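Presented below is the structure to which this report refers.
If you're wondering where the values come from, they're calculated on a predicted model, not measured in any experiment.
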Amino acid sequence: MGRNLKNAVISFLVPVPSILFYLSLLNHYHTTTITTNSNTEISPLWTWCFHHPLILANILFFFNVNVLFWLISHVLSSHWMIDLYWTVIPVLLVYYYQTYPFAEYDLSRSRIVIALTWVWSLRLTHNYFRRENWQWGAREDWRFNDMRAQYGKHWWWISFFSVYFSQQVFLIGICMPFYIVHLVDKPLNIWDFVAVAVCLSGVVIAYFADTQLHDFVTTNNELKELGKPVVPNLDSGLWYYSRHPNYFGEQLWWWGLALFAWNLGHGWAVIGALINSLCLAYVTVLVERRMLKQEYRAEAYRQYQKTTSVCIPWFKSSAYSRKDKKN
């Protein structure tokens with residue numbers, strides 16, 4: 001209980017430096033606006049911040065996430081916090097871009113994107129805590145454990161780049177549509193509603209896929225406790241049509257978000273969604289290798305690989321159908 005409470009307090013306190021700095025920035029902006037006709041001088045620091053929102057976002061991320069999270073992880077001997085904050089940082093960024101001085105945007109589109117971001121974040125946060133038995137920082141990502149074993153005594157500094165700096169590239173990149181939405185003031189059109197549909201489809205698919213996975217893991221844990229054989233592989237529900245439907249849903253969300261930026265004339269912003277898809281493709285390889293290393297499920301999973309689509313939900317292969325007919 002003590003550890004859980006400590007991790008919860010840390011989680012709420014870590015973004016405070018960036019939040020306080022940004023509130024101070026807004027305060028200086030509003031104060032300057034009110035006293036425009038006076039002889040008030042604006043600090044060069046605040047002037048620079050007013051005109052460089054993207055660079056400032058990266059600076060705040062570097063010091064408040066990369067450096068601070070990294071230092072805290074060494075004190076706690078765990079990198080669990082970055083996993084939780086994947087669901088929080090996009091929410092902070094969308095509000096940052098919306099409230100930034102000189103932001104220009106269509107209010108309806110802004111509200112839609114913010115609402116969608118909250119839906120996505122609450123879904124993913126719920127899944128995180130459900131998976132961790134409602135504990136704060138109960139464990140860190142298994143990939144970090146593997147890397148710790150791989151890099152040994154060098155892990156203390158390699159972790160800064162592999163766990164934190166890399167996250168800056170991913171998160172700032174995939175959240176670029178938030179910046180574009182609050183950079184261009186253009187009325188809503190049909191493509192905005194297509195983007196909404198894609199985003200919501202991704203959230204719904206990811207929710208049901210993760211729920212089915214959670215139920216599968218829970219059932220297997222109960223079977224273990226009873227000393228009964230466990231089910232080697234999940235291949236029902238959405239998992240019947242895809243080996244990674246949760247990843248497919250997550251990618252749909254980010255591509256839907258990128259569609260907002262494309263619709264506003266900034267197609268280059270899809271690079272974030274593309275990088276995320278490539279990253280998830282690599283993670284998929286790691287997950288499947290891990291599955292095949294577990295003897296009790298290796299054979300079943302090999303068969304699953306032969307018959308089931310990797311990511312995009314699709315029907316079983318013809319080979320699987322012929323096998324069913326023979327049986």
Side-chain angles (χ1 to χ4, degrees), residues 1-15 65 69-70 72-92 117-149 159 163-164 167 171 202-239 242-250 253 280 283-284 286-291 293-297 301:
M1 182 63 180
R3 178 188 175 188
N4 189 43
L5 180 59
K6 178 185 69 176
N7 288 344
V9 171
I10 291 173
S11 296
F12 281 105
L13 290 179
V14 286
V65 178
F69 280 34
W70 179 68
I72 292 174
S73 72
H74 285 294
V75 174
L76 300 178
S77 299
S78 175
H79 298 284
W80 65 268
M81 200 156 47
I82 191 64
D83 199 19
L84 171 62
Y85 262 84
W86 251 90
T87 74
V88 178
I89 290 173
V91 175
L92 296 176
T117 306
W118 271 108
V119 171
W120 169 84
S121 178
L122 291 172
R123 197 290 302 177
L124 200 57
T125 302
H126 169 262
N127 184 64
Y128 170 84
F129 281 108
R130 177 176 60 179
R131 186 187 68 209
E132 303 301 317
N133 295 318
W134 309 101
Q135 298 290 305
W136 296 77
R139 57 180 176 174
E140 67 177 358
D141 193 296
W142 59 268
R143 289 163 291 189
F144 301 157
N145 281 322
D146 289 351
M147 285 190 284
R148 178 181 283 105
S159 62
V163 178
Y164 299 101
Q167 304 290 354
L171 277 167
V203 171
V204 170
I205 291 172
Y207 169 77
F208 281 106
D210 278 333
T211 297
Q212 291 164 4
L213 178 60
H214 174 75
D215 292 343
F216 172 77
V217 172
T218 300
T219 299
N220 266 355
N221 287 336
E222 292 173 352
L223 291 173
K224 285 181 183 178
E225 292 178 0
L226 296 172
K228 297 181 179 180
V230 299
V231 180
N233 187 52
L234 171 60
D235 60 355
S236 60
L238 290 171
W239 300 79
S242 168
R243 303 204 298 269
H244 303 279
N246 50 347
Y247 292 169
F248 173 72
E250 183 70 4
W253 152 258
L280 280 179
V283 171
T284 297
L286 295 180
V287 169
E288 299 210 341
R289 285 177 181 173
R290 191 168 184 242
M291 293 291 187
K293 288 180 181 178
Q294 300 171 355
E295 293 185 6
Y296 78 94
R297 66 160 32 123
Y301 201 80

- [ ] Take Ile10 and Ile72 through the test side-chain contact (heavy atoms from CB on, under 4.5 Å) and record every step on the way to the result.
- [x] CA-CA 9 Å; Ile10 291 173; Ile72 292 174; 4.2 Å; yes
Task: Derivation and outcome, side-chain contact (heavy atoms from CB on, under 4.5 Å), residues Tyr85 and Gln167 - done: CA-CA 10 Å; Tyr85 262 84; Gln167 304 290 354; over 6 Å; no
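Screening residues 118-127 for salt bridge (charged side-chain N to carboxylate O under 4.0 Å, His left out), with sequence neighbours left out, gives Arg123-Asp210, Arg123-Glu250. Residue pairs meeting the salt bridge (charged side-chain N to carboxylate O under 4.0 Å, His left out) criterion with at least one partner in residues 133-147, sequence neighbours excluded, are Glu132-Arg139, Glu140-Arg148, Asp141-Arg143.
Put simply, OG1 on Thr125 and CH2 on Trp120 are 7.5 Å apart, with the number rounded to the nearest 0.5 Å. For the atom pair Thr211 OG1 and Asn246 CG, the distance stands at 10.5 Å (nearest 0.5 Å). Taking CH2 from Trp253 and CG from Leu124, the interatomic distance works out to 10.5 Å, rounded to the nearest 0.5 Å. In this structure, Asn7 CG and Leu84 CG are separated by 10.0 Å, a value rounded to the nearest 0.5 Å. Within the model, atoms CZ of Arg243 and CG of Asn233 stand 10.0 Å from one another, a figure rounded to the nearest 0.5 Å. Here the CG-CE distance, from Leu76 to Met81, works out to 6.5 Å after rounding to the nearest 0.5 Å.
For Tyr164, the side-chain contact (heavy atoms from CB on, under 4.5 Å) partners are Asn66, Phe69, Trp70, Ser73, His79, Ile82, not counting sequence neighbours. For Tyr247, the ring-ring contact (aromatic ring centres under 6.0 Å, His included) partners are His244, not counting sequence neighbours. Among residues two or more places apart in sequence or in another chain, the side-chain contact (heavy atoms from CB on, under 4.5 Å) test is passed with Ser236 by Leu234. Contacts of Phe129 classified as ring-ring contact (aromatic ring centres under 6.0 Å, His included), with partners at least two apart in sequence or in another chain: Trp136. With sequence neighbours excluded, the residues forming a side-chain contact (heavy atoms from CB on, under 4.5 Å) with Leu238 are Ile205, Phe208, Ala209, Gln212, Pro245, listed by chain and number. For Glu295, there are no side-chain hydrogen bond (donor to acceptor under 3.5 Å, both in side chains) partners two or more places apart in sequence or in a different chain. Partners of Lys228 according to the side-chain contact (heavy atoms from CB on, under 4.5 Å) rule, which considers only residues two or more places apart in sequence or in another chain, are Leu223, Leu226. For Asp83, the side-chain hydrogen bond (donor to acceptor under 3.5 Å, both in side chains) partners are Arg131, not counting sequence neighbours. Trp239 pairs by the ring-ring contact (aromatic ring centres under 6.0 Å, His included) definition with nothing, not counting sequence neighbours. With sequence neighbours left out, the ring-ring contact (aromatic ring centres under 6.0 Å, His included) criterion links Tyr207 to no other residue.
The two residues Tyr128 and Gln135 make their nearest non-hydrogen contact at CE2-O, 4.4 Å. Counting all heavy atoms, side chain and backbone alike, Gly137 lies closest to Arg3 at O-NH2, 3.2 Å.
Taking a 6.0 Å sphere around CH2 of Trp118, one finds it holds 12 or fewer heavy atoms contributed by other residues, nucleotides or ligands.
Between the side chain of Ser121 and the backbone N or O of Thr117, no donor-acceptor pair lies under 3.5 Å.
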